[in-house]
Amino acid sequence: FAQSDPNFIYFNDPKWSNMWYIHCSVKNSRCRSEMNILAAWQRGYTGRNVVITILDDGIEKNHPDLAQNYDQLASYDVNGNDHDPMPRYDSSNENKHGTRCAGEVAAVANNSHCIVGIAYNARIGGIRMLDGDVTDVVEAKSLGIRPDYIDIYSASWGPDDDGKTVDGPGPLAKQAFEVGIKKGRKGLGSIFVWASGNGGRQGDHCSCDGYTNSIYTISVSSSTENGNKPWYLEVCSSTMATTYSSGEFYDRKIITTDLRQRCTDGHTGTSVSAPMVAGIIALALEANPLITWRDVQHLLVKTSRPVHLKASDWKTNAAGHKVSHLYGFGLVDAEAMVVEAKKWRSVPPQHTCTKMSDRRTRYIRPDQKLNVTMSSTGCSGQPDQHVAFLEHVVVRVLIVHPRRGDLEISLVSPSGTRSQLLAKRLFDNSNEGFRNWEFMTVHCWGERAEGTWTLEISDSPSQLRSNLEVLGKLKEWTLILYGTSEHPYQSHGSHHSRARMLEIPSVQSPEPSPSTTQQHEDEEEEEYTGPCHHECGDQGCDGPDADHCLNCIHFSLGSLKTGRRCVSHCPSGYFEDTEARRCRRCHRGCEKCVGRSSKECRSCRRGLYFHTEESSCIENCPNGYFNDEVQRHCLKCHENCVKCVQDADRCTACKKDFSLAGMTCVPECTNGTFFNLEEMKCSPCHVSCSTCTGPGMEECLHCSRDFLQEEWRCVPKCSPGHYPSDSIGFPQRMCRKCEENCIRCQGPGTRCTNCRDGYSLLSGTCIFHATCNNTDEVFCDMVKSNRLCEKKLFRQFCCRTCLMTG
Amino acid sequence: SPSRSVFTNHWAVRVRGGAEEADKLASKYGFTNFGQIGGLEDHYHFHHSHVVRRSTFATRGTHSFIHMDPKVDWIQQQIVKSRVKR
């Protein structure tokens, strides 16, 4: 209901009205924008002084929606080993990913271009590192770029999710994470945001993605607008939070900047979610630049919540946090993040308590769950390792197994919280087992560490399993508990989370004191005694409905004549007069407005379109605008378009010096050049062309001076069998074909001067050589008298003889 | 998995003694030192132009002796990792 909020922010960016995940422009639509980004902006946080970089395939730094926020110092090209992170262009636009991610984070607001970034005043850079051989060195370099300057690193990539890969950061990348955590942001710790492990294929489990399973990365998941699981999403015990993203074809999409200075709503997957969370963390960092990398994770745990996200495994852990394998702690809440961050006190130092199992090998029998337990005191005996309250829990396993994909692994905490560390993977035929692979869960966040931990391993042989005789073996496993030795929130005085108060019934807003209630009741006794409608104000009511109120809390709708009732929000066609607390009618044709006059219209009724420049509703948008059917707005065409339909980029007429290429307006190139769509500039035509559609000879439209057009190309002189001629109405000289069988002529008809072999020249035409020795037989007389030889059809029949014989 | 690894002609080497020491070590075996790897102290990025850029096996040659040099704490020939955009 942001629209009805007088503080509603309106930007002139063409796609602003489509950014459903940031604001709801139509009240009763199914729009959900519970990420509360708008509310965070209204509190004044837009990412100022925060630097974010995108580790990907580059960033189009001259994109009109990025250029203003682009930060050269937060950029580097590891693939090219230089400071220019511009992506490599090719016809498939494969290197669009980084630019799309960047736009979500920090696309400039109110500049009439594409969208508005979540942290639209933050600085954004790009590290080009995917467009080449990605190696451990490349990743380590990328993760280690300017850690004292860059605050947040966002990455939307990872190992193959073919359902059989187990891969993660190599030794150098791991060290880069650790160095970044220890030293980055001048000791506060770099913040690494990672898209949760999916890739668009089925049958995988993202615990086999070592990046999202690292405690140093914030793994982000996605939900569709309706709170459903996108088809590409995998479950994961290390997922921390969720944002909206794309889903099925009927779900609304995320819109962002695109390569070649364009705009797209084709950005999908958890690739969308990592930059979103990076942007939201930027807002939190602006609210409190001193929060550490662990504070950020605590904030996310505290403020994210399930809202309408649908998951079958939502559970409340022993610390009161709702958590699921699909969505972690739920949908991020930008407003709660900035509110909490503002008053946040850093959590106590992180402790690590490690305990290794004995080295006794345990056999993993098919269809018989192996349960191994480990009792832990949380290293209470070692103060500097003591973990009382949990953050991340890591299980490092050494398992030998003939077919890895048949394994399922779960961990149950002392409080009974179950985390699924690994699910079966249909495609994983590997016999390598797990060699010190680390599974991680955040599901026990805030719980007590002390107690008995249970690791459950089950083996369900698939049909592909070759030999059932060979058993799997758990060689050893190590439990690594991360957390604090004291309660993370109580040791520094109270900072209660708004979100917590909302969620936990036991912490209620103080009950009214009995005396007040009693007094209240007394007053109403002579009059209508039943309860008033909740919209009634303090003057009470004379009946239960909203039209029985004597005054209203929010707004009154209607007139004395038609009957007046109290409403919390004014319906469409009305605006909220906050002073008079009345709903007043908008100007005719207006659906949303902020005042009575036609100039104060904000959206229109069906069939009309809102023209921003005039702030009025019109039937058809003027030139330079198109009718946006979704929001019923007149949206600007692309700057080069004079006319467009259905979308800014679907041009039907171009401005001066531009011409249409398909539905795109491209600069008109001077003579001898053509507009190269790939390079987005005018490139020279072939030397023989004065205008062309491409560089090749065969792409000429008009020939250059001194060239003639012969069939589909331009030639300096006509080739044999052709003669030069002018063409009426064309400046272009042409090479036309001579008569059949004539290899040189001076014009059409009987102006041949040379015949091809087998033919002889006769009065300007080519006669077939065939001779016959009896003219009578071939009716020469008749042929001659009827001048058949002039008919091309008959010429082949002994005309030569007939004519020759005179 | 190792069976499908693609080896490059880049190496990561941990050598103490600073950049100078690293340069010396690199040139000794025909490598070029591309400098320290980000913020990882004592870790350097070496490149060998005479080794094939991509190979499905670790090529052997005089450059391989660097693995045995006493000054080398740790060394890793770089393998191409398959990375998918999410």
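Note that these values count all heavy atoms, side chains included, but never hydrogens, waters or copies made by symmetry. Every chain is numbered from 1, with letters handed out A, B, ... down the list of sequences.
Between L172(A) and I37(B), the closest side-chain pair of non-hydrogen atoms falls below 4.5 Å.
Residue with the most contacts toward chain B among D136(A), T165(A), V179(A): D136(A) (heavy-atom pairs, distance under 4.5 Å). Chosen from G132(A), G144(A), P171(A), the residue pairing most often with chain B at heavy-atom distances under 4.5 Å is P171(A). Heavy-atom pairs under 4.5 Å with chain B were tallied for G158(A), S156(A), S142(A), S430(A); the largest tally goes to G158(A). Each of I145(A), T135(A), V272(A) has some count of heavy-atom pairs under 4.5 Å with chain B, and the biggest count is that of T135(A).
For chain A, the nearby part of T8(B) is the side chain; its heavy atoms alone come within less than 4.5 Å. Heavy-atom distances place no part of K164(A) under 4.5 Å from chain B, backbone and side chain included. H10(B) does not touch chain A: none of its heavy atoms, backbone or side chain, sits under 4.5 Å away.
Aromatic pair H63(B)/Y29(B): centroids not less than 6.0 angstrom apart.
Between the side chains of Y211(A) and E139(A), at least one donor N or O sits under 3.5 Å from an acceptor N or O. Side chains of H45(B) and K141(A): a donor-acceptor N/O pair is present below 3.5 angstrom, by distance only.
Between F46(B) and F31(B), the ring planes are tilted. Angles from 30° to 60° get that label.
A cation-pi geometry, defined here as NZ or CZ lying under 6.0 Å from the six-membered ring centre and within 45° of its normal, does not hold between R54(B) and F7(B).
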